[in-house]
Amino acid sequence: MLNNLQLSLQFGKLADAATHRAALPRHSVARWIRHALAVDAEITVRIVDAEEGQALNRAYRKKDYATNVLTFDYTQEPVITADLVLCAPVVAREAAENGKSLQDHYAHLLVHGTLHAQGWDHETSAADADDMEAYETEILAELGIADPYAG
């Protein structure tokens, strides 16, 4: 049984907002996140442009570039509360470069960010990275999405 999710889905100022909105129907976003949850959650997903993505990454991670997904986790118990910020132009570029659909890449990054919100971390060790990738692949397979790390 899947855990409960209170979802806020927000879109910042995007030049090609219609493309990203079409790839992110609310019911799909909720389904992808719920498959990655170990407990109930309250999550805000915000889709941003490169300028906002870069500003957030610079302010919170001291890295001066826009990245695909940022996870801001606030609590893990009794419910997960987190913000997932995805940078639309970076996600679109990566999807095109890797020959993946925009929707599948968004699904992967939302699962990835949701795992981060629960304490998973691929930057702590190679073993942790392998474990997180394997779990992401398993979750995505349940959703009918190909292994994002294959190839």
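Starting from 1, each residue takes its place in the sequence as its number.
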Is the distance between the ring centroids of His122 and Tyr135 under 6.0 Å?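 Ring centres of Tyr135 and His122 not closer than 6.0 Å.
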Taking the six-membered ring for Trp, are His108 and His112 parallel (under 30°), tilted (30 to 60°) or perpendicular (over 60°)?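 Rings of His108 and His112: perpendicular, as their planes differ by over 60°.
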Test item: [X] and [Y] side chains (from C-beta on) under 4.5 Å apart, heavy atoms:
X: His35; Y: Val111; value: no
X: Glu77; Y: Val39; value: no
X: Glu136; Y: Trp120; value: no
X: Asp128; Y: Asp121; value: no
X: Gln103; Y: Pro25; value: yes
X: Trp32; Y: Leu24; value: yes
X: Arg34; Y: Asn3; value: no
X: Thr114; Y: Ile139; value: no

Nearest 0.5 Å please: distance from the [atom1] atom of [X] over to the [atom2] atom of [Y].
X: Ile33; Y: Leu5; atom1: CD1; atom2: CG; answer: 5.5 Å
X: Tyr60; Y: Thr71; atom1: OH; atom2: OG1; answer: 14.0 Å
X: Leu70; Y: Glu52; atom1: CG; atom2: CD; answer: 10.0 Å

Enclosure of Glu142 CD (heavy-atom neighbours >12, cutoff 6.0 Å): yes
